[in-house]
Colleague: 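First, the structure itself, so that you have it in front of you.
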Amino acid sequence: QVQLVESGGGLVQAGGSLRLSCAASGRTIGGSTMGWYRQAPGKEREFVAMINWNGMIINYADSVKGRFTISRDDAKNTVYLQMNSLRPEDTAIYYCNVVRNYWPYDGIFNWGQGTQVTVSS
């Protein structure tokens, strides 16, 4: 089992930026595919981005392509999500997880508490 703690969320105006972090404990994320998901009020949790074990395969949801960047630092056991040009529709709770390395990149472990991102217009 792995524990995942997301941080870095907050309130930002449209067009602004945030950098989310996901710190893992209990096991190393080295060798694992990692992903970010989000859940907006009244909606299902949806895929945002994934990065494979060596960073050579990265995929994004169409809605965030060109604005979000996923990265990882295995030495720190942490995954990041840089979010630029934020829009009100990006408002959601953001979660990370170890994910399967094929679509739809399902989360493998229990989801953490997530971090709230709110984008005002």
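Bear in mind the structure is a predicted one, so any value in this text is a computation, not a measurement.
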Colleague: Return each pair, listed once, that meets salt bridge (Lys or Arg N to Asp or Glu O under 4.0 Å) where at least one residue sits in residues 94-104; pairs must be two or more places apart or across chains.
Modeller: none
Colleague: Looking only at non-hydrogen atoms, find the nearest pair between Val98 and Ser32 and report the distance.
Modeller: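 Answer, listing the atom of Val98 first, then Ser32: CG1-CB, 3.8 Å.
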Colleague: Between Leu4 and Cys96, is a side chain to side chain contact (heavy atoms under 4.5 Å, CB included) present by the stated rule, with each step listed?
Modeller: CA-CA 7 Å; Leu4 301 158; Cys96 71; 4.0 Å; yes
Colleague: Are Ile58 and Trp53 connected in a single hydrophobic cluster, I mean Ile/Leu/Val/Met/Phe/Trp/Tyr linked by side-chain heavy atoms less than 4.5 Å apart?
Modeller: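 No, Trp53 and Ile58 fall in different hydrophobic clusters.
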Colleague: Looking at residues at least two apart in the chain, or sitting in another chain, which of them share a side chain to side chain donor-acceptor pair (under 3.5 Å) with Glu46?
Modeller: Arg38
Colleague: Under 3.5 Å, sequence neighbours excluded: what are the donor-acceptor pairs made by side chains of residues 8-25?
Modeller:
| unit_1 | atom_1 | unit_2 | atom_2 | d |
| --- | --- | --- | --- | --- |
| Ser17 | OG | Asn84 | OD1 | 2.9 |

Colleague: Can you name the residues that form a side-chain contact (heavy atoms from CB on, under 4.5 Å) with Thr91, not counting sequence neighbours?
Modeller: Gln116, Thr118, Val119
Colleague: Could you go step by step and tell me if Tyr102 and Met50 meet the side chain to side chain contact (heavy atoms under 4.5 Å, CB included) rule?
Modeller: CA-CA 10 Å; Tyr102 50 84; Met50 60 75 68; over 6 Å; no
Colleague: Gln113: which residues meet the side chain to side chain donor-acceptor pair (under 3.5 Å) condition with it, sequence neighbours left out?
Modeller: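 Listed in chain order: nothing, the list is empty.
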Colleague: Do you know the tightest heavy-atom contact between Ile29 and Arg72?
Modeller: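 That would be O-NH2, 2.9 Å.
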Colleague: For Val5, what are the other residues in its hydrophobic cluster, where any two members join if their side-chain heavy atoms are less than 4.5 angstrom apart?
Modeller: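 Val5 clusters with nothing; isolated.
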Colleague: Show your reasoning for whether side chain to side chain contact (heavy atoms under 4.5 Å, CB included) applies to Thr69 and Leu81.
Modeller: CA-CA 6 Å; Thr69 303; Leu81 187 68; over 6 Å; no
Colleague: Could you name each residue pair satisfying ring-ring contact (aromatic ring centres under 6.0 Å, His included) that touches residues 3-44, not counting sequence neighbours?
Modeller: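 For residues 3-44: Tyr37-Phe47, Tyr37-Trp111.
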Colleague: Side chain of Tyr60, backbone of Ile70: donor and acceptor closer than 3.5 Å?
Modeller: yes
Colleague: What pairs with Glu89 under side chain to side chain donor-acceptor pair (under 3.5 Å), at least two apart in sequence or on another chain?
Modeller: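 Listed in chain order: nothing, the list is empty.
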Colleague: For Asn77, does its backbone N or O pair with a side-chain atom of Asp74 as donor and acceptor, under 3.5 Å?
Modeller: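 Side chain of Asp74 to backbone of Asn77, a donor-acceptor pair under 3.5 Å: no, none is there.
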Colleague: Looking at CG of Asn59 and CD1 of Ile51, how far apart are the two atoms once the value is rounded to the nearest 0.5 Å?
Modeller: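 Reported value, rounded in 0.5 Å steps: 10.5 Å.
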Colleague: Can you name the side-chain contact (heavy atoms from CB on, under 4.5 Å) partners of Asp73, sequence neighbours left out?
Modeller: Ala75, Lys76, Tyr80
Colleague: By the rule that ILVMFWY residues connect when side-chain heavy atoms come within less than 4.5 angstrom, directly or transitively, which residues belong alongside Met56?
Modeller: none
Colleague: For the hydrophobic clusters of this structure (ILVMFWY residues joined by side-chain heavy atoms under 4.5 Å, transitively), does one cluster hold both Phe68 and Met34?
Modeller: yes
Colleague: How would you list, by chain and number, every residue that makes a side chain to side chain donor-acceptor pair (under 3.5 Å) with Arg67, sequence neighbours excluded?
Modeller: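 In terms of side chain to side chain donor-acceptor pair (under 3.5 Å), with neighbours along the sequence ignored, Arg67 is linked to Asp90.
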Colleague: Lys65: which residues meet the salt bridge (charged side-chain N to carboxylate O under 4.0 Å, His left out) condition with it, sequence neighbours left out?
Modeller: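 Testing Lys65 for salt bridge (charged side-chain N to carboxylate O under 4.0 Å, His left out), a comparison that skips the adjacent residues, returns Asp62.
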Colleague: Do Val99 and Tyr95 belong to the same hydrophobic cluster, where Ile, Leu, Val, Met, Phe, Trp and Tyr are linked whenever their side-chain heavy atoms lie under 4.5 Å apart, directly or via other members?
Modeller: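 Yes: a chain of side-chain contacts under 4.5 Å links Val99 to Tyr95.
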Colleague: Under a 4.5 Å side-chain heavy-atom rule over Ile, Leu, Val, Met, Phe, Trp and Tyr, are Tyr94 and Ile108 clustered together?
Modeller: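 Tyr94 and Ile108: one cluster.
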Colleague: Looking only at side chains, do Asn97 and Tyr105 share a donor and an acceptor under 3.5 Å apart?
Modeller: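 On atom types as modelled, these side chains do not qualify, holding no pair under 3.5 Å.
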Colleague: What about Leu86 and Val64, same hydrophobic cluster or not, with Ile/Leu/Val/Met/Phe/Trp/Tyr joined at side-chain heavy-atom distances under 4.5 Å?
Modeller: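 Yes: a chain of side-chain contacts under 4.5 Å links Leu86 to Val64.
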